[in-house]
Number of protein chains: 2
Amino acid sequence: MSEARNTKQKKLVLSLLKNSDRPLTAGEIYRLAIRHFPKIAKSTVYRNLDALVSRGEVSQGLHQNGESFYSIAGEHSHSHYMICRECRQMIDFPQCPLSSMERGIADASGFHITGHSLQIYGYCKDCNNKKKN
Amino acid sequence: MSEARNTKQKKLVLSLLKNSDRPLTAGEIYRLAIRHFPKIAKSTVYRNLDALVSRGEVSQGLHQNGESFYSIAGEHSHSHYMICRECRQMIDFPQCPLSSMERGIADASGFHITGHSLQIYGYCKDCNNKKKN
DNA sequence: TTATTATTGCAACTCATTTTCATTAAGCGC
DNA sequence: GCGCTTAATGAAAATGAGTTGCAATAATAA
């Protein structure tokens, strides 16, 4: 049968995400991971992230440029982000306008929804002020 | 001053999008464009798409894998898509749950919203049926 | 401890998108 | 139409996120 092995690399990836106060890209996770296991491979980070995502422990979003970011899938909260185009700061935005609409949207077309991706882009307060000066 | 030149390549990219009944990726546009101008460069397609997007004439979305797709920015309609993970079919989904919420979401944090990205992923009716067999 | 095999490290690869730079061609004034 | 300026192009190389093949390693069950 399938044997999900609990390797130290997998634990590390998960703990890095747990200890982060914001979502991280695979690259960021890799750079952090190296500090703990200098020999860890990029592919290992990617494979573990994929596994964690399909296992539902981690959720995945997309930056404007197509790069993925990851965060612990809140046991209940399902949140999205406002992302600053300037400093890339990500502001949590807990209400999900989709949750209440998915059923209705899908039913019409027989579409089976498995998830969605939602990000709001713009400029945070600080960067917005800087632009005015 | 800035001279936005109206090249035949730019017109072509725009007309391909106008004549398409669905959003197209840069790669698809490039492959179509070659039929008209065999020497057109991929970079030219990308540059024109970028220009059209920042000019607001074309809007841009993201596939799950980070690849961008483009469509004419409806003069009034602002629509999103349900994208099939299997056949990549894109089903229009005209209501935008964000339009009514952006103000409220942004005000709290002083965030200045410039746009958003929203895609719903899942399986279309056909692909869903195939999986069951 | 040992056998099994999931997972790893590493290097090579894919593929969308970007960049560099010499060449071409819009759009301007004449 | 003619020439000039320079934005835009084509071609090729580069970038960078993510993937893949494979031999070596290490997490589990026996």
Side-chain angles (χ1 to χ4, degrees), chain A residues 1-17 23-55 57-71 83 85 88 117 119, chain B residues 1-16 23-55 57-71 83 85 88 117 119 121:
Chain A
M1 282 279 85
S2 64
E3 328 267 328
R5 292 183 187 175
N6 214 10
T7 62
K8 56 185 184 179
Q9 292 89 339
K10 185 171 293 176
K11 285 183 222 159
L12 175 58
V13 167
L14 197 54
S15 85
L16 289 172
L17 280 171
L24 301 172
T25 65
E28 290 173 325
I29 294 169
Y30 173 59
R31 263 167 264 130
L32 290 171
I34 283 179
R35 298 190 195 160
H36 299 75
F37 300 135
K39 319 206 66 176
I40 195 171
K42 242 190 330 172
S43 50
T44 298
V45 171
Y46 278 103
R47 284 187 281 230
N48 279 318
L49 284 170
D50 285 351
L52 289 165
V53 167
S54 42
R55 211 194 288 171
E57 293 186 53
V58 164
S59 61
Q60 183 176 17
L62 284 173
H63 278 297
Q64 258 177 135
N65 62 354
E67 193 176 357
S68 290
F69 57 80
Y70 302 85
S71 57
I83 307 174
R85 300 179 102 106
R88 266 203 161 189
S117 167
Q119 283 83 224
Chain B
M1 280 275 86
S2 63
E3 328 267 328
R5 292 183 187 177
N6 213 12
T7 63
K8 54 187 184 180
Q9 292 89 338
K10 184 170 293 175
K11 285 182 223 160
L12 176 59
V13 168
L14 196 54
S15 85
L16 289 173
L24 301 172
T25 65
E28 289 172 326
I29 294 169
Y30 172 60
R31 266 168 260 128
L32 291 171
I34 283 179
R35 298 189 195 160
H36 298 76
F37 300 135
K39 322 205 62 175
I40 196 171
K42 250 188 317 178
S43 50
T44 298
V45 171
Y46 278 102
R47 283 186 283 230
N48 280 317
L49 285 171
D50 285 351
L52 289 165
V53 167
S54 41
R55 212 194 287 171
E57 294 185 53
V58 165
S59 62
Q60 183 176 15
L62 284 173
H63 278 297
Q64 259 178 135
N65 63 354
E67 193 177 358
S68 291
F69 57 79
Y70 303 85
S71 56
I83 307 174
R85 299 177 102 107
R88 263 204 165 189
S117 167
Q119 283 83 223
Y121 302 110

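Letters A, B, ... mirror the listed sequences (proteins, then strands); counts begin at 1.
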*Asks:* Quickly work out the A:Asn48 CG to D:dA27 C1' distance and round it to whole Å.
*Replies:* 13 Å
*Asks:* Ignoring hydrogens, what is the shortest heavy-atom contact between B:Tyr70 and B:Thr25? Give both atom names and the distance.
*Replies:* CD1-C, 4.4 Å
*Asks:* Measure CZ/B:Arg31 against C1'/C:dC15 and give the value in whole Å, please.
*Replies:* 11 Å
*Asks:* Between B:Lys10 and D:dA8, is there a contact of a side-chain N or O with OP1 or OP2 at under 4.0 Å?
*Replies:* yes
*Asks:* Return the value, rounded to whole Å, for the distance between atom NZ of A:Lys11 and atom C1' of D:dA26.
*Replies:* 12 Å
*Asks:* Would you compute the distance between atom NZ of B:Lys10 and atom CZ of B:Arg55 and round it to the nearest 0.5 angstrom?
*Replies:* 5.0 Å
*Asks:* What is the per-nucleotide protein-contact pattern of nucleotides 17-30 of chain C, from the 5' end, where B denotes a base atom under 4.0 Å from a protein heavy atom, S denotes such proximity for sugar-phosphate atoms only, and - denotes neither?
*Replies:* BBBB----BBS---
*Asks:* Looking at B:His63 and B:Tyr121, what are the two nearest heavy atoms and their distance?
*Replies:* C-OH, 3.6 Å
*Asks:* Could you state the CG-P distance from B:Leu62 to C:dC15, rounded to the nearest angstrom?
*Replies:* 19 Å
*Asks:* How many Å lie between CG on B:Leu24 and C1' on C:dA16, as a whole number?
*Replies:* 16 Å
*Asks:* Using whole Å, report how far NZ of B:Lys39 lies from C1' of D:dA11.
*Replies:* 9 Å
*Asks:* Starting at atom CD of A:Gln64, determine the distance to atom P of D:dA17, rounded to an integer number of angstrom.
*Replies:* 16 Å
*Asks:* Measure from the side-chain N and O atoms of B:Gln119 to the backbone N and O of B:Gly61, and report whether any donor-acceptor pair falls under 3.5 Å.
*Replies:* no
*Asks:* Please find the pair of heavy atoms, one from B:Leu24 and one from B:Leu32, that lie closest to each other, and give the distance.
*Replies:* CD1-CD1, 4.0 Å
*Asks:* Considering all heavy atoms of both residues, which atom of B:Ile40 and which atom of B:Tyr30 are nearest to each other, and what is their separation?
*Replies:* O-CE1, 3.4 Å
